[in-house]
Each structure stands twice: as C-alpha cells, then as structure tokens.
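Throughout, protein chains are lettered first and strands after them, A, B, ... in sequence-line order, and every chain is numbered starting at 1.
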Amino acid sequence: MSSLLADLNPQQLAAITLPHQSALVLAGAGSGKTRVLTTRIAYLIQSGQVSPYDILAVTFTNKAAKEMLTRISAMLPINIRGLWMGTFHGLCNRMLRAHHQAAGLLPAFQILDSSDQLAMIKRVLKSLTVDEKEFPPRQVQWFINNAKEAGLRAKNIEVNDNMTRQMAAFYLAYEQRCNKEGVVDFPELLLRSYELLNRNETLRIHYHDRFKHILVDEFQDTNRLQYKWLKLLAGMDSETCAAVFVVGDDDQSIYAFRGANTGNMVEFEHDFKISKIIKLEQNYRSQATILDAANALIQNNSGRLGKNLWTAEGKGAPLRVHNAPNDFDEAAFIIDEIKALQAEGVALSQIALLYRSNAQSRVLEHSLFSAALPYRVYGGMRFFERQEIKHALAYLRLIANPDDDNALLRIINFPARGIGARGLEQLQTIAREQGGSLWAAALHKYGGEAMLSGESEKPKKGVAEFVRLITSMRQDCAALPLPQIIKQMLTQSGLMGHYHIEREGADRLENLNELINAALSFIHEAEDDSLSAFLAHASLEAGEHQTGSIQDGLQLMTVHAAKGLEFHSVFLSGLEEGLFPHENSRNEVNGLEEERRLMYVAITRARHRLYLSFAQTRMLHGQTRYNVPSRFLNEIPESLMRWSQSVQKTKDGYSEFNIKKRLFDLTIPNSELGKTGVMSQQTQGVQWRIGQAVSHNKFGTGKIVNYERQDGNARVQVNFDRSGMKWLLLEYAKLTPV
DNA sequence: CAGCCCACATTTTTT
DNA sequence: ATGTGGGCTG
C-alpha cells in the first residue's frame with residue numbers, strides 16, 4: 001500500500017484516497033492524470049474497500065483503456081477480471097450483448113461503423129427515391145446521429161419545418177432498416193443501452209447494486225447522451241448511488257465539433273453536488289517557460305473552471321519563433337533546427353512536428369524526404385478500415401447474419417462473379433415483395449438450383465454460385481475455430497486469388513494474412529471468442545493507424561492527434577490567421593476559444609523545446625495564400641519568445657524586434673482576414689502590398705510575393721506570369737498596379 | 001462491366 | 001494539388 005501512494009503530491013493523494021463520494025478532478029496537462037485514475041482503482045481494491053467486480057471505468061479510446069488496464073495489472077498482484085474497463089461504446093456493446101433480448105436485438109447483432117452507416121443511409125435514400133443532390137447522405141447521417149445523441153427517436157422528433165419533416169422521415173426509414181437487418185450504429189449503442197436501463201428496472205437495480213465506483217477519463221469530451229447514460233447508470237436518485245469520479249480538463253476540450261459538451265463538467269458539479277473540485281496543477285512534463293506561455297494564452301478564454309499550471313523544474317529555453325517568407329522556407333527552418341537537436345543528442349522519435357490540418361504535412365514530408373530524415377505520419381487509413389479488410393469482414397458478417405444486406409451488397413459481386421445491376425434489381429424486387437432480406441430473396445430464387453449442383457458438377461455462375469458459396473461457408477464454420485474460418489473464407493471467396501492477380505495487390509494480401517493473425521490474438525485474449533464477438537471488436541476498434549513503424553523517426557501529426565502525448569521538442573508550424581485559428585472556426589459558436597484550447601494542447605506537448613513558425617505565403621488548394629501571423633502569437637508574452645527569420649531576410653540589418661513589429665503593425669482587422677496581403681508600404685505615393693497584381697513594361701504582369709528594404713532602398717519580389725520570379729528596386733523599376 | 005473523365009471539395013476524429 | 005465519387009463510354 002505504501003509503495004502505491006509513494007511520491008504523490010497532496011492533491012493527487014487526496015484524489016486517490018477520497019472516500020466513497022463523487023468527485024470532479026480538474027487535471028491539467030502533464031499533471032499525472034492517468035496515474036491518479038489507475039492508482040485510485042488499485043487503491044480501492046488493495047485497501048479492501050471493493051473488488052474489481054464493483055468498478056466500472058470509462059475511457060474514450062481503446063488505447064487509453066488498454067493502457068490503464070496494463071498499469072493497474074502492474075500495480076496489483078491479483079486478477080482484475082470482472083473490472084469493467086473500456087470505452088463508452090465498448091461497455092454499451094457488452095451490456096447489450098449480455099441483455100440482447102431485453103434490448104430487442106439479435107444475439108449476433110452487428111455494429112456499423114461510420115462508413116457502413118453512410119452506405120446504409122444511401123441505400124435507404126435510394127429506396128425512397130430521394131435525390132441525393134437535394135439531401136446529401138452526409139447531412140442525413142449528421143441529422144440522425146445528432147438526434148440520437150439528443151436521445152431522440154425518429155417518432156419523437158419535433159417537426160416544425162419541411163426540412164425537419166423530411167429528415168425525420170429518413171431517420172424513421174433508416175431505423176426500420178437497421179432493426180430489420182439486425183445492425184446498430186455507434187450512437188445507437190449508447191442510446192439502446194440508455195433506453196434499456198431506463199425502461200428495465202430490474203436491470204437498472206442490478207447495475208446500481210453492482211457498480212459502487214464509476215470512474216471517467218477525459219470527462220470534458222463526453223457528449224450529452226454519454227452523460228445521461230452515466231447519470232442513469234450511477235443511479236443518482238437511488239440509495240445505492242455509485243461514487244462517480246470524473247477526471248477532465250476544460251482547457252483541453254477540443255472535440256466540440258463531434259458533440260463533446262464541456263457544459264457537462266459544470267452540470268456534473270451541480271448534479272452530483274460536488275462541494276470542492278480537486279485541481280491537479282503541478283505539471284511534471286514541461287519547463288516553466290513553456291507553461292508560462294500556455295497559461296498566458298489560455299487566459300484569453302472566458303468561462304474557464306480556472307487552473308494555472310506550474311512546475312518545480314527550471315525555466316528552460318525560450319520559445320523559438322520563426323517568421324518564414326513561405327512554407328518551403330518554414331520547412332527548411334524546421335529541418336535546420338531538427339539537425340541541431342539531433343547534434344545535441346535528442347532522439348528523432350522525441351521530436352514532434354505538429355500542424356492544424358493534415359494538408360500541411362505535405363510540404364514538411366517533402367523537405368524531410370530530401371533531407372533524408374526518417375519520419376512517421378499519424379492518421380490516415382486504419383487496419384479495419386482498409387478496403388480488402390472490409391470486404392473480408394463483409395463475408396464474415398454475412399456468414400454470421402444472413403439478413404445483413406449491407407454486407408451482402410458489398411461482396412455479392414466482389415470478386416466479380418457476373419452479378420450486375422440487373423441481377424441485383426431482381427433480388428431487390430423479390431426482397432421487397434417478400435418483405436425479407438436480399439439473402440432470403442437469393443435463396444428463394446436460386447437456393448434450390450445451388451443446392452442441386454454438387455461438388456462434382458461444373459460450377460454455377462452468378463447468384464446461384466454465390467448462394468452455394470455462402471451456404472457452404474456457413475456450414476463449415478460451425479465446427480471451425482475463428483482463424484480457420486477466416487482462412488477458408490479468404491480462399492473460397494476468391495479474395496486471395498483476386499489480390500494475387502492484381503498489380504498493387506501485395507500489400508492487400510499481406511493485410512488479409514494479418515487479419516488471420518488478428519483473429520488468432522483475439523481468440524487468445526477475448527472472453528468471448530465467437531465470430532460475432534470478433535466482428536464487434538473489428539467495428540469498435542479500428543486498429544493501428546499505420547503498419548510498419550519506424551523505430552527512430554520524427555513524429556508528424558495534427559494537434560488533435562497529439563493530445564495526451566508528450567515530446568522532448570515540439571515544432572508547431574502554420575501559425576497563421578485562417579489556418580490556426582482556422583477560418584472555419586469563425587462561423588462556429590465559441591470557435592475561436594476552441595482553437596485557442598487546441599493551441600494550448602499543442603504548447604503543452606513540449607517538455608523542453610517549443611518552436612513556433614508561420615509562413616507569409618503558403619500554397620493551399622493549389623493557390624498561393626498571403627498570410628497574417630496568428631493572433632495566438634500575440635497572446636504569448638514577448639519575454640518568453642526569441643524571434644528569428646531566415647538568413648536572407650535578416651541581412652538587411654533590421655533587428656529581429658523590428659521585423660516582428662513591422663509585421664504586427666500591419667496586422668489586418670478581422671473583417672479583412674484572408675483578403676489582403678501581409679504588409680503594405682508607401683513608395684512615391686503608391687501603396688504596394690504582398691499579393692498585389694502589378695505590371696512591368698518588360699516583364700509583363702505578375703504578383704508581388706515578397707519585399708525587403710536595404711539601406712533605405714525598397715525591393716519587391718514579383719512572380720511574373722511569363723518571366724518568372726524577379727527582384728526589382730521600387731525606385732527604378734516602373735511598376736504599375738493592375 | 002470496367003475503365004476513364006470530370007466535377008468537386010478540402011479542419012479537426014473516436015467509436 | 002490532389003484525391004474521391006459519380007456518371008458515361010467502349
């Protein structure tokens with residue numbers, strides 16, 4: 001016990017050893033949040049207060065859940081089976097499978113991921129002969145998910161206008177389709193589980209009695225429905241109300257765009273009658289200068305719960321800020337500094353290159369490639385989202401559940417077996433007439449024929465062949481272990497053969513083989529090793545973002561993806577108005593504050609060094625954009641920063657301070673953002689600015705892309721349409737504005 | 001039925 | 001600039 005509680009600060013200790021009562025822990029970045037959560041669980045068990053069976057712990061990602069389990073196992077010598085630890089969706093899935101009948105679901109109900117859901121919606125819209133131009137499927141998806149997260153069924157939607165009436169009708173049709181096919185989407189897991197508990201008193205009491213402690217990680221990311229679910233599960237009004245221990249940081253709430261509701265923290269404080277918020281403000285990650293910058297920045301937000309990070313460590317180096325003429329120069333600066341860090345002995349894997357949007361990685365990657373620096377980009381396609389894996393899973397889903405039309409449609413003609421639109425239409429007509437699934441229709445039309453053709457006869461084509469294939473797979477899999485089922489399916493379906501022939505198929509073949517391995521490890525780890533359980537696992541956990549990681553490479557990712565991580569050094573690039581803060585955030589409620597929190601997250605990733613940079617011009621969507629430095633740079637105290645500019649720009653003798661000042665003096669008001677250039681200046685009564693179109697009698701027309709001043713002589717760089725890039729002295733060159 | 005071409009968008013993302 | 005999805009042609 002003593003070792004468990006060693007080296008904790010007073011606030012951490014208070015949180016961990018809190019008696020049986022609900023608590024709100026405001027945990028700053030790098031304040032040992034995960035340690036507090038895991039240690040509290042270990043403490044509760046080890047002190048004999050409760051058994052693992054009495055605890056439920058919720059996280060947002062499978063990765064976080066896995067890590068917490070590992071850490072708890074390391075602290076406790078006992079078996080912690082029985083502890084419910086997982087994501088909201090994972091836990092709801094578990095509950096729904098345990099009570100599938102009460103929840104009105106098939107025992108083998110399948111889970112649609114977002115792309116499956118979209119496909120389903122498209123199908124429903126098509127069956128209603130809706131014009132997709134008028135009602136984009138994505139918008140319908142958004143509507144349905146929002147309704148579900150508000151706890152609303154289609155019939156409960158309040159209809160006041162025509163648009164809502166239409167949407168509610170689509171929702172209803174979609175709901176019916178899902179029920180018929182035995183599938184549930186992500187928000188449905190939550191809503192079903194909520195409704196089940198709400199309506200079924202026996203079950204509700206069972207879980208109230210069981211879970212004496214509920215712990216929630218990243219509470220600021222919960223949406224309305226998740227919070228309602230928590231309240232219901234905790235049994236707020238019952239005598240046996242669980243102690244709900246939530247940990248979060250309102251300053252790191254960066255997922256409002258997907259429904260996260262920071263208001264839940266305030267509501268929680270009220271609903272659970274929290275008398276005193278526990279604040280973890282001591283930071284064990286970053287040096288003081290970095291924290292000072294983060295604190296100063298975030299103070300510009302309103303309505304915070306309030307928190308100031310501090311550290312016992314030293315000040316550390318100032319933030320390096322770089323003003324680059326363009327995105328290539330910005331990348332060059334980053335590479336120079338990376339090499340310097342490398343020379344200091346910093347491992348490349350301890351250096352992160354962060355950016356606001358994925359598109360920015362391109363230029364960085366290009367430069368890193370030229371500089372022969374190894375790197376790894378996070379994001380992109382994940383294992384279970386790959387096309388070939390989705391196809392394989394569709395076969396498995398159809399084996400597990402014949403009514404899964406989504407799955408059938410995906411693979412009935414993949415690999416191609418001569419079933420076209422015509423054949424499909426026939427099936428769809430039969431299905432509609434019979435009110436059954438496509439599979440039932442196929443069986444009805446071709447079942448007899450398919451069954452007649454024995455192994456020895458020549459293979460049937462088309463639907464008959466498909467029916468025979470799936471039927472035989474279904475028979476085989478009854479007796480086989482999961483990896484064998486998959487292995488057989490991959491060969492018999494022709495998937496292996498198909499990718500074997502395809503030119504670019506090698507990677508896909510490798511992934512298919514990896515699927516067998518995934519099944520192998522699944523049956524070793526999971527309590528339920530059935531096919532349905534594996535399919536649920538595949539939907540709920542999309543797997544690693546990238547295969548084949550580089551051991552010592554730079555880490556490239558968006559700021560969002562960096563949340564929760566830390567690095568020795570962090571480069572944050574693209575600090576320009578319109579990019580960070582992103583221009584789209586201007587149209588969103590509290591959009592700017594969310595961007596600022598995102599900036600706060602970015603800053604607090606760094607342990608020792610933080611580099612901030614912006615480019616005056618940048619290629620975006622195939623067009624050059626002229627940028628103003630991000631306002632966030634202005635919100636960081638000057639005393640914490642050291643400015644630099646690329647060498648060719650500083651030789652004009654301007655002090656770094658002046659360079660900065662010159663840029664900021666010309667900062668353009670919000671209303672003009674994105675329309676005009678970075679700076680302007682007076683020459684012989686003419687106003688020149690970057691981005692301005694000009695004409696020259698010899699070179700023709702072009703655009704001003706840069707300017708500098710030397711000994712009182714101003715020069716501008718013009719990109720001429722015909723003659724290319726030229727530096728011109730304003731005094732001599734006769735330029736005329738166009 | 002597959003391949004090609006054009007229109008189109010393009011912040012952030014987990015389950 | 002670059003990828004994706006839908007519609008049309010061989």
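- Applying the salt bridge (Lys or Arg N to Asp or Glu O under 4.0 Å) test between A:Arg356 and each of A:Glu577, A:Glu576, A:Glu594, A:Glu595 identifies A:Glu595 as the sole match.
- Contacts of A:Lys122 with the nucleic acid, taken as non-hydrogen atoms under 4.0 Å apart, involve only primed sugar atoms and P, OP1 or OP2.
- When each of A:His582 and A:Glu541 is assigned the nucleotide of DNA chain B with its nearest heavy atom, A:His582 is the one assigned upstream, toward the 5' end.
- Per the geometry, CD belonging to A:Glu594 stands 14 Å off P belonging to B:dT12, to the nearest Å.
- In this structure, the side chain of A:Thr604 does not engage the main chain of A:Ala29 through any donor-acceptor pair within 3.5 Å.
- In this structure, the aromatic ring of A:Phe257 is positioned over the six-membered ring of the base of B:dT12, centres within 5.5 Å and planes within 30°.
- Atom NZ in A:Lys126 sits about 12 Å away from atom C1' in C:dG7, given to the nearest Å.
- At a threshold of 4.0 angstrom between heavy atoms, the contacts of A:Ala421 are confined to the sugar-phosphate backbone, with no base atom among them.
- Of the candidate nucleotides B:dT15, B:dT10, B:dT13, B:dT15 has the atom nearest to the side chain of A:Leu540.
- Under the 30°/60° scheme for interplanar angles, the aromatic rings of A:Phe522 and A:His537 are found to be tilted.
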When you look at A:Ser357 and A:Leu579, which way does the side-chain contact (heavy atoms from CB on, under 4.5 Å) test go after all the steps?
CA-CA 8 Å; A:Ser357 68; A:Leu579 192 55; 4.1 Å; yes
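- Rounded to whole Å, atom P of B:dT15 lies 13 Å from atom CG of A:Asp217.
- Side-chain nitrogen and oxygen atoms of A:Asn93 include none within less than 4.0 Å of the OP1 or OP2 phosphate oxygen of B:dT15.
- Remark: A:Asn358 is not in phosphate contact with B:dT10, judged by side-chain N or O atoms under 4.0 Å from OP1 or OP2.
- Residue A:Arg382 places at least one side-chain N or O under 4.0 Å from the OP1 or OP2 atom of B:dT15.
- Among the protein residues, A:Ser114 comes within range of the nucleic acid bases, having at least one heavy atom under 4.0 Å from a base atom.
- Rounded to whole Å, the distance from CG on A:Leu354 to P on B:dT12 is 14 Å.
- Nucleic acid contact class of A:Asp113 (heavy atoms, under 4.0 Å, all strands): none.
- Residue A:His621 has its side chain nearest to C:dA1 when only C:dA1, B:dT12, B:dT15 are considered.
- Under the stacking criterion of a centre-to-centre distance below 5.5 angstrom and an interplanar angle below 30°, A:His89 is not stacked against the six-membered ring of B:dT14.
- Looking at heavy-atom distances under 4.0 Å, A:Phe88 makes no contact with the nucleic acid at all.
- Checking each of A:Trp142, A:Phe170, A:Phe143 against A:Phe135 for a ring pair (Phe, Tyr, Trp, His ring centres under 6.0 Å) leaves exactly one that passes, namely A:Phe170.
- For A:Ala561, whose side chain is taken as the heavy atoms from C-beta onward, the closest listed nucleotide among B:dT15, B:dT13, B:dT11 is B:dT13.
- For A:Phe414, the CZ atom sits in a packed shell: over 12 heavy atoms of surrounding residues, nucleotides or ligands are nearer than 6.0 Å.
- If you measure from atom CD of A:Glu593 to atom C1' of B:dT11, you get 18 Å, rounded to the nearest angstrom.
- In this structure, A:Leu579 atom CG and B:dT12 atom P are separated by 10 Å, rounded to whole Å.
- The distance between atom CD of A:Gln220 and atom C1' of B:dT13, rounded to the nearest whole Å, is 15 Å.
- Residue A:Phe60 is classed as a sugar-phosphate contact, given heavy-atom separations below 4.0 Å to backbone atoms only.
- For A:Arg362, counting side-chain heavy atoms from C-beta on, the closest listed nucleotide (B:dT14, B:dT13, C:dT2) is C:dT2.
- Rounded to an integer number of Å, the gap from OH of A:Tyr378 to P of B:dT12 is 18 Å.
- Across all strands shown, A:Asn62 has heavy atoms under 4.0 Å from sugar-phosphate atoms exclusively, and none from any base.
- As judged by a 4.0 angstrom heavy-atom cut-off over every strand, A:Glu132 is placed among residues making no nucleic acid contact.
- Note: A:Tyr395 and A:Phe466 have tilted aromatic rings, judged against thresholds of 30 and 60 degrees for the angle between ring planes.
- Contact annotation for A:Ile419: backbone-only contact, meaning every heavy-atom pair under 4.0 Å involves sugar-phosphate atoms and none involves a base.
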